Structures are given as structure tokens and as C-alpha cells.
Amino acid sequence: MSTAIPPGGQRTLQKRRQAQSIKEKQLKQTPTSTRAAGYGGSSANILKIFTDEADGLSVDPLVVMFLAVAFIFSVIALHVVVKVTGKVF
Amino acid sequence: MAGFRLIDVAKPFLPILPEVESPLERVPFDEKMVYTIFTALIYLFAEFPLTGISKDFQTATVNDPIYFLRGVFAASPKTLLEFGIFPIISSALLLQLLAGLKIIKVNFKIQKDRELFQTLTKLFAVSQYFILTNIFIFSGYYGANLSILQIALLNFQLCGAGLFITLLTEVVDKGFGFASGIMILNTAAVATNFIADTFGVSQIKIDAAGHTEAQGSLMNLIQSFRNKDTTILGGIIASFTRDYLPNFTTTVVVVLFAAIVCYLQSVRLELPVRSTRTRGVNNVYPIRLLNIGALALLFSYIVLFYVHIFSFILIQIVANNNQESIICKILGHYDNVNNLLAVPTFPLSLLTPPRSFFGGMVSQPLTFVVYTSFVVFTSICFASQWQNISGSSARDLAAEFKDQGITLTGRREQNIAKELDKIVPVASNTGAAMLALLAVTGELLGLKGKAAGIVIGIAGGFSLLELITLDYQQSGGQSALSSVLGAPNAGM
Amino acid sequence: MANEKTDNQIEKLMDVPLEFVKDGNQFLTKCKKPDWKEYSKIVRAVGIGFLAVGVIGYAIKLIHIPIRYVIV
């Protein structure tokens, strides 16, 4: 029994460090946001939603922009139709 | 995967929701610039009057209940941008907050989960456009007794616009543009409104006699010097005090606020750091006062928006704005002002900024206390949560320090996280509180959303400018469009 | 007893904002404020960017005026 290790010293420090790193790992296991997981996304002062490509109905960005403009013009066309027919349907 | 998870709701919608393709390789700086500018321009171009509204809407009894929130969410009444970018911002912020607080279970480590979460955000945004549209339709905001065809048309226009705005922000977010789509749109809209309010040249009819005045306050001031109808002095006074169009006082206050935000942006705590790899390399690491930027204030305004929409549903749709009904006795009712704004009465007025400072002082002094504390409180609550979950908390910063091989001078490496934890939350809370106070001060002066708009616009613009500058430097400074940015400086 | 307890709680509740303001103040005094040179540089950069974006945006809005005139 006389060989009991005195408290403190290197060993305790090591243990503490281990405990801390385990704790950190656990926290890392369940990241709170896309950025915390390391994949970009919203940061502290930037709100960013779309970072990953989900498998949806894939469209090209240029197509989106053209369609958006086309949509606005369709609304203008509706205005013209309403004006020409002189009534709201 | 046991149990029900909210993100699984998005699963059946995956194949039908449009998804912008990610770029195959890094998009060059100039191309990003073009995409960003065009996205903003398309958004601004969409500010187009709705068709299919009853022609008698001038005499409509239901007016705009969210007039003072429009400046913040880049919305304009009775146009395709009726709700601006509110649905997108709110769904992004709220869902991220819920996921961060582990109320919605998402494992961001798994690609599939991230995709589902993202789709859920999109789904929530688009459905909010749909719900808000129909709330407004059934409240009679677009006129009473709409035909089915009119309802369908309005739905087509507003939901279509909502879907396209969502997709446009996605284009920017995916890496074709800079940083974040919503913030680009917001900043662009705030900047445009500011220019229109100050230098706008379009002449707007102000009375039945056919007199016109310039929309811009500065233009109006200049015009007042050669106006024949009134004396010069009267014209000048009028241009400072008119309340039907932007007046010059508002412009001055807005510019002043922009200057204050710029100042606050550059207030920072510089922590001395040294390299752990090479001796004698000392540097400073800045922790900014506004390290969460304008997001906290945006959150407060989202909460305000929801409060006002829910009361609008209760008062207008359920109780039909009838002062005799119980709901109106509890919540207050809407008074119509200028045949344009629906101004709530007590007690809902407590959460509505007054339309002018002195008028508010006399008629609703309690608002000053309640509104201020509400906005500041929600801002601080949000800030303290957000800095923790957004991936730039003390813990994340400490990890970043470790990666970069730097440590705080005079601190043990193990203690960095603890040390930073004493600084970062305080910084974001204080910053959020100060921005909220600033915005509220402006609102109480009667700026009707312009103050909060400019605060969010400038603070957001600042965050963007920083990232764009970084991008510019990473691209090696080879850009034909560099002059657009002004002088990029590394100091920021 | 119970009264004392609630009193204590209220006192604690009152302490929260005070503590908050104190912390904030402490942080602010430690902060580095921008000097005039830095500040003017920032204002110029932000101002130019903001005005440029605004002017381009307003140009788009000017296109609206004739369209609206024709169709509405």
C-alpha cells in the first residue's frame, strides 16, 4: 500500500485532458448547425440556407433567372389582358 | 431514426420541389458579380402591381396592417412583393434556431439530413407565402367579394413570386453569387428605397387639384425653391415636415443612423494572440461588437410580424374589425389612416411604433416603454442563443485557434475556450442590444420601418462587403469589376 | 419565509439587467474604437457600395414608371 501514487501530477492532468477531449467529441457529434458541422451555411452574421444539393427537380441557375423574368412578364401580360377586356374577368 | 422527425415531412416533397444545381467548380469572381447583380435586379423588377384586384380597392375598408414592417423585409404593398422576403427569412431563422436548440432533431453530420433540413426550410418558406396570401385575400385586403378566378389569379401571382424569390436566393446561396441571397436582396432593396426616397424624381399627385411633388425628399427640397404655389420658406418647411411622402428630416435621420451603424461595426475587442508554431509571432484577433450583425434585430422583427399577422387574423377575419366584438375589446381594432394604413388601437398599439414622435408621446406613451423593451429583449434572447449555435461560439473559435496554430497570449491552451466564453456572448448580446436600441429609437421618431430597415441594410451590407472583399482577394484580384466595390481593404 | 424567498427572487431578477449593462459597459470600455482615418475609410467603402447599388436599383424602378402608366 505504500506504493500508492500521490495525487496530482502528470497523471491527473492527463486524465483531465482526456475527459475534456471526450466531452468535446460528444459536443462535436451533434453539431447545432450546418456550419458547426463544417459544411458552410449560416454563420454568425450571415443567413445562408441552401448549401447542399438535395435530389429534387434539378434546374440550372440560368433557367431559374429566365423563368423569373418570364414570370414577371406574364404578370404584365395579365395586366394587359385585364385592360383590353376592360374587366376583371 | 426512431420516432417521428419534423424533417421527414419534407421527404414526399423532395421530387417536386425545384432544386438549383450546385456549381461544378468554383465560380469566378466576375461571374459571381453578374449573378448577384442580376438576382438583385430581378427582385427589384418584380415590384410590380398585382392584377386582378377589384377596381374599387381605393375605397377598401381593409388597409395595410404591417406597414411599419415592410421596410425591413423589402416588401411593398399591393405588388408582387407583398410579403417581400419575410417568409424566407423567418423560415430560415426559425428552423435553424429550433434545430440548434435540438427541438427539431437534425444530424448535420449526415448529408441526407442536411438535404432534408434544407428542403424543409424551402417548403416552409413557400407554404408561408401561400398562407399569407390567403390570409390577405380572405381578410378583404384586395377588395371584398372577389370571384374565384380573382382568388386563383392572386394566388398564382403571389405564390409564383414567392417561389421564384426563394429560387433566386438559392441561386446566390449555392455559390453562384456572393454569400447569402436573402441578405443581398434585403440590402439591395433598402439601398434602392433610400435612393428613391432621397433622389426620386417621379412626380406623385398629392391632392385632388392635380398638384404634384417629387417622391425624393432632396428633389422636393430643391423644387420648393422655385415653386410658385407657395412661398419659399413655406415650401422648405413643408419639405421637412410632409408626412404623405418621404420628408427631408427622415433622410437626415436615416443617414445619421447609417453612420452610427458604420461606427458600431468597427468597434471591436482585440485579443492579443501568438503563434504556437513559431516563437515571437504576435498578432491580434478581433472580436467584434456586432459579431452577429443584424440577425438579432431581424429576429425581433420576425416576432413582431407574427404577432401582427395573428392579431390581423383575429381582428379582421374572425371579428371583422367590429369594435363591439370581444376580440376587438381585448386586442384593439384597426383605425384607417390616410385610407392606406391600418393602425391598431390599444393594446395592440403597444407593439406598433407611433407614426410621429410627438403624436405618439401624447396618444400612446406606454408604447415607448413596451415596444422598446420588447424589441431589445427579443434581440438579446436571440443573440445569446444564436452565437452559441451558429458555429462561431467560443468553443468553435477555440477549435479554429487550434487549427490555425494560434493561442491567446498569456493563457494556457486548454483555457482558450473558457476565456473566449467570457467575451463572445457578452459581445454579441451587447451588440444586439445596441442595434435594437438604435433601430427602436428611429422607429419611435416615426420613421415607419425605415430606421430598422437602414440598420439591417447597412449591417447586412457590411457583412456582405467583408465576404465579397475576401472573395476578391482569393481570386487574386483579377477582376474587371473591381471598381464596383470601391477600394477593397484588408483592414476590415 | 415564502415571502422572503420571492423577494429574493425578485431581487435576483432585478439584478439580471444590471449585470447585463455592467458586463456590456466593461466590454465596451475594453474595445478598440476606430480612429477618424479608419472610420472615414469604412464610411466611404460602405457609402459608395450602398449608393451604387441604390442607383442601379432605382434605374430599374424608373423602367417601371412607363410600364405602369401604359397598363394600369
Side-chain angles (χ1 to χ4, degrees), chain B residues 37 40-45 47-49 51 184 187-196 198-202 258-259 261-263 265-270 284 286-289 380 422-423 425-427 429-431 433-434 457-458 461-462 464-465 468-469 484-489 491-492, chain C residues 3-72:
Chain B
I37 291 175
L41 289 189
I42 292 174
Y43 182 78
L44 293 171
F45 190 64
E47 196 185 323
F48 211 80
T51 185
I184 298 260
T187 308
V190 170
T192 306
N193 285 340
F194 174 72
I195 294 289
T198 312
F199 304 104
V201 288
S202 57
V261 177
C262 279
Y263 181 83
Q265 275 286 357
S266 40
V267 172
R268 69 218 174 252
L269 185 63
E270 294 195 326
V284 286
I287 303 255
R288 253 184 282 128
L289 173 64
I380 293 171
K422 280 186 211 154
I423 301 165
V426 176
N429 288 352
T430 316
M434 290 183 80
I458 292 278
F462 212 97
L464 291 173
L465 191 66
I468 295 174
T469 314
V484 178
L485 276 179
N489 52 37
M492 297 191 312
Chain C
N3 227 342
E4 212 169 84
K5 212 174 182 181
T6 49
D7 270 3
N8 254 336
Q9 270 170 345
I10 290 171
E11 237 167 64
K12 258 184 200 158
L13 221 66
M14 289 298 287
D15 274 352
V16 172
L18 278 178
E19 193 86 337
F20 182 83
V21 171
K22 215 181 82 194
D23 278 354
N25 251 333
Q26 244 170 21
F27 178 79
L28 283 179
T29 46
K30 276 191 281 180
C31 273
K32 186 172 178 285
K33 279 73 166 185
D35 53 14
W36 179 248
K37 205 176 140 210
E38 192 192 346
Y39 180 62
S40 59
K41 208 160 114 189
I42 288 166
V43 168
R44 231 188 357 249
V46 172
I48 290 173
F50 204 71
L51 288 184
V53 172
V55 168
I56 299 173
Y58 189 63
I60 287 287
K61 278 205 177 176
L62 284 182
I63 301 176
H64 271 183
I65 295 171
I67 301 181
R68 279 189 199 209
Y69 184 76
V70 170
I71 61 172
V72 180

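Letters A, B, ... mirror the listed sequences (proteins, then strands); counts begin at 1. Note that the coordinates shown come from a computational prediction; the quantities given were computed from them, not determined experimentally.
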(request) Report the option among C/Ile60, C/Leu62, C/Asp23, C/Val55 that has the most heavy-atom pairs separated by less than 4.5 Å from atoms of chain B. (result) C/Ile60

(message) Counting only non-hydrogen atoms closer than 4.5 Å, does C/Tyr39 touch chain B with its backbone (N, CA, C, O), its side chain (CB onward), both, or neither?
(response) side chain

(message) Let's test your reading of the structure: which of B/Cys262, B/Ala188, B/Ala433, B/Pro286 forms the most heavy-atom pairs below 4.5 Å with chain C?
(response) B/Cys262

(request) Measure across C/Lys33 and B/Val267 and return the closest heavy-atom pair with its distance rounded to 0.1 Å. (result) CG-CG2, 4.4 Å

(message) Would you call the rings of C/His64 and B/Phe48 parallel, tilted or perpendicular, taking 30° and 60° as the class edges?
(response) perpendicular

(message) Please give me the minimum heavy-atom distance between B/Ser266 and C/Ile42, naming the atom from each residue.
(response) CB-CD1, 3.5 Å

(message) So, taking the atom named CZ in B/Arg268 and the one named CZ in B/Arg288, what distance separates them when rounded to the nearest 0.5 Å?
(response) 9.0 Å

(message) Can you tell me which of B/Ala40, B/Ala427, B/Gly461 forms the most heavy-atom pairs within a distance under 4.5 Å of chain C?
(response) B/Ala427

(message) Return the CD1 to CD1 distance between B/Ile287 and B/Ile423, rounded to the nearest 0.5 Å.
(response) 6.0 Å

(request) Rounded to the nearest 0.5 Å, what's the gap from CD on B/Glu47 to CG on B/Asn193? Could you check? (result) 6.5 Å

(message) Please classify the contact of C/Lys61 with chain B as side chain, backbone, both or neither, using a heavy-atom distance under 4.5 Å.
(response) side chain

(message) Quick check on B/Phe194 against chain C: is it the side chain, the backbone, both or neither that has a heavy atom closer than 4.5 Å?
(response) side chain

(request) Tell me, for C/Leu28 versus chain B, whether the close heavy atoms (under 4.5 Å) come from the side chain, the backbone, both or neither. (result) side chain

